[in-house]
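Working notes, beginning with the structure itself.
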Amino acid sequence: MGIQNLLWQVTKKAFTGGIIGVTISDRCCSVVPVRGDSMSPTLNPQRNSYLDDYVLVEKFCLQDYKFVRGDVVVFSSPTHFKDKYIKRIVGLPGEWISSSRDVIRVPEGHCWVEGDNKASSLDSRTFGPIPLGLIRGRVTSVVWPPQRVSKIS
Amino acid sequence: MASSFWNIAYQQAMRSGVFVAKVYSFLHVTTNYLAFPAYAFGPSMIPTLHPSGNVVLAERISKPSRGDVVVFQSPEDPNKLPTKRVVGLEGDSVSFVVGPGKNDESRTIVVPKGHVWVEGDYIQNSRDSRIFGPVPYGLIQGRVLWRVWPFQDFGPIGPPTTT
């Protein structure tokens with residue numbers, strides 16, 4: 001029965017560790033890979049998926065949703081809620097954004113996001129301003145590959 | 001002997017710290033992935049919810065469907081969590097009266113992909129999708145199951161009772 005007890009102890013520790021890990025990832029920060037080149041050259045400057053950037057996403061900003069223009073954020077897509085995008089906030093609530101043909105006011109509780117690589121970026125120019133509630137975290141720095149470790153401005 | 005006192009104190013502190021971390025993490029995982037309580041007040045969900053406030057239990061497991069009462073982050077303010085009923089899913093054609101009581105003008109909208117249309121059960125006094133538009137799935141926090149407080153109102157939340 002010793003091995004059963006051992007197995008149970010290991011399972012308990014793994015379960016506890018898992019729960020604490022999930023909490024830290026949801027409340028504090030997590031590391032996510034960046035796919036695609038819509039944020040080139042800030043993120044993923046080369047089009048080679050072996051060299052994808054991994055970034056640190058902090059979750060403390062979700063306590064009060066106070067962002068500033070220029071923040072790079074992770075958010076759920078308004079059309080496919082399971083997909084997550086990484087873009088930069090270029091418009092806060094109440095500001096005016098000049099879109100392709102006209103000038104749009106960003107409604108309360110929303111923000112306007114655009115990728116740094118305007119040529120190849122699916123962003124607010126396509127799906128409009130996004131509600132702030134869709135934001136899942138703010139990108140603070142690149143953590144991998146080691147030669148690209150840096151803070152994001 | 002002084003060092004062993006600090007040793008024991010340190011061990012006690014670590015044990016309490018780990019215990020607090022375990023409790024906090026357990027509560028976090030339960031309320032974020034299973035079910036959570038929410039406080040709903042206001043006239044917009046009469047007669048389903050009482051205007052002076054109800055605490056309801058909401059679950060995060062199932063995907064909301066037509067007729068469910070859901071808690072979601074308001075598109076107007078991510079710090080507010082209104083409670084309304086899902087009246088239309090993506091692709092549905094929703095017709096609504098623009099100003100009930102004022103005129104009979106009505107509009108029809110097709111709910112875009114990835115969004116739901118929410119309305120309060122008491123549409124004469126409800127800020128809902130007729131004002132702030134369809135709500136993306138990503139803003140929905142959970143589906144309301146039970147009224148929990150006050151005790152007189154204890155019971156499941158069901159389809160809208162016809163007034």
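Computed from a prediction, not measured in an experiment: that's the story for all the values here. When reading the values below, keep in mind they use all heavy atoms of this one structure, side chains included, and skip hydrogens, waters and symmetry mates. Protein chains get the first letters and strands the later ones, always in sequence-line order, with residue 1 at the start of each.
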Side chain to side chain contact (heavy atoms under 4.5 Å, CB included) evaluation trace for B/Glu76 with A/His110
CA-CA 7 Å; B/Glu76 298 174 310; A/His110 290 65; 6.0 Å; no
- Working for side chain to side chain contact (heavy atoms under 4.5 Å, CB included), residues A/Asp26 and B/His28: CA-CA 9 Å; A/Asp26 284 350; B/His28 170 90; 3.0 Å; yes
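Heavy-atom neighbours of B/Tyr33 OH from other residues, nucleotides or ligands within 6.0 Å: above the threshold of 12. Atom OH of B/Tyr39 has more than 12 heavy atoms from other residues, nucleotides or ligands within 6.0 Å. Enclosure of atom OH in B/Tyr122 is not indicated, since only 12 or fewer non-hydrogen atoms of other residues, nucleotides or ligands lie within 6.0 angstrom. In the displayed structure, A/Lys118 atom NZ is contacted under 6.0 Å by more than 12 heavy atoms of other residues, nucleotides or ligands.
The heavy-atom pair separating A/Pro78 from B/Pro136 by the smallest distance is O-CB, 3.9 Å. Counting all heavy atoms, side chain and backbone alike, B/Asn79 lies closest to A/Asp64 at ND2-O, 3.6 Å. Closest approach of A/Ile19 to B/Ser25, counting heavy atoms only: CG2-CB, 3.4 Å.
Annotation: side chain of A/Phe81 is not in contact with side chain of B/His115 (no heavy-atom distance under 4.5 Å). Between A/Arg27 and B/Tyr24, the closest side-chain pair of non-hydrogen atoms falls below 4.5 Å.
Hydrophobic clustering places A/Phe127 together with A/Ile89 (ILVMFWY residues linked when any side-chain heavy atoms are closer than 4.5 Å, directly or through intermediates). The hydrophobic clustering, which links ILVMFWY residues whose side-chain heavy atoms are closer than 4.5 Å, places A/Val74 and A/Val113 apart. Both B/Val70 and B/Leu89 sit in one connected hydrophobic cluster of ILVMFWY residues. Membership requires side-chain heavy atoms under 4.5 Å apart, directly or through other members. The cluster map of Ile, Leu, Val, Met, Phe, Trp and Tyr, joined by side-chain heavy atoms under 4.5 Å apart, puts B/Val144 and B/Val135 in different clusters. Hydrophobic clustering, with ILVMFWY side chains joined whenever heavy atoms are under 4.5 angstrom apart, groups A/Leu62 together with A/Phe75.
Between chain B and the options A/Ile130, A/Val22, A/Ile135, A/Ile24, the largest number of non-hydrogen pairs under 4.5 Å is found for A/Val22. Each of B/Val29, B/Leu27, B/Ile140 has some count of heavy-atom pairs under 4.5 Å with chain A, and the biggest count is that of B/Val29. For the options B/Pro78, B/Ala21, B/Ser74, B/Gly114, heavy-atom pairs under 4.5 Å to chain A are most numerous at B/Pro78.
A distance of 11.5 Å separates CZ of A/Phe15 from NZ of B/Lys22, quoted to the nearest 0.5 Å. A distance of 12.0 Å separates OH of B/Tyr137 from NE2 of A/His80, quoted to the nearest 0.5 Å.
For B/Pro75, the parts lying near chain A are the backbone and the side chain together; criterion is any non-hydrogen pair under 4.5 Å. For chain B, the nearby part of A/Thr16 is the side chain; its heavy atoms alone come within less than 4.5 Å. In this structure, no portion of B/Phe72 lies under 4.5 Å from any heavy atom of chain A.
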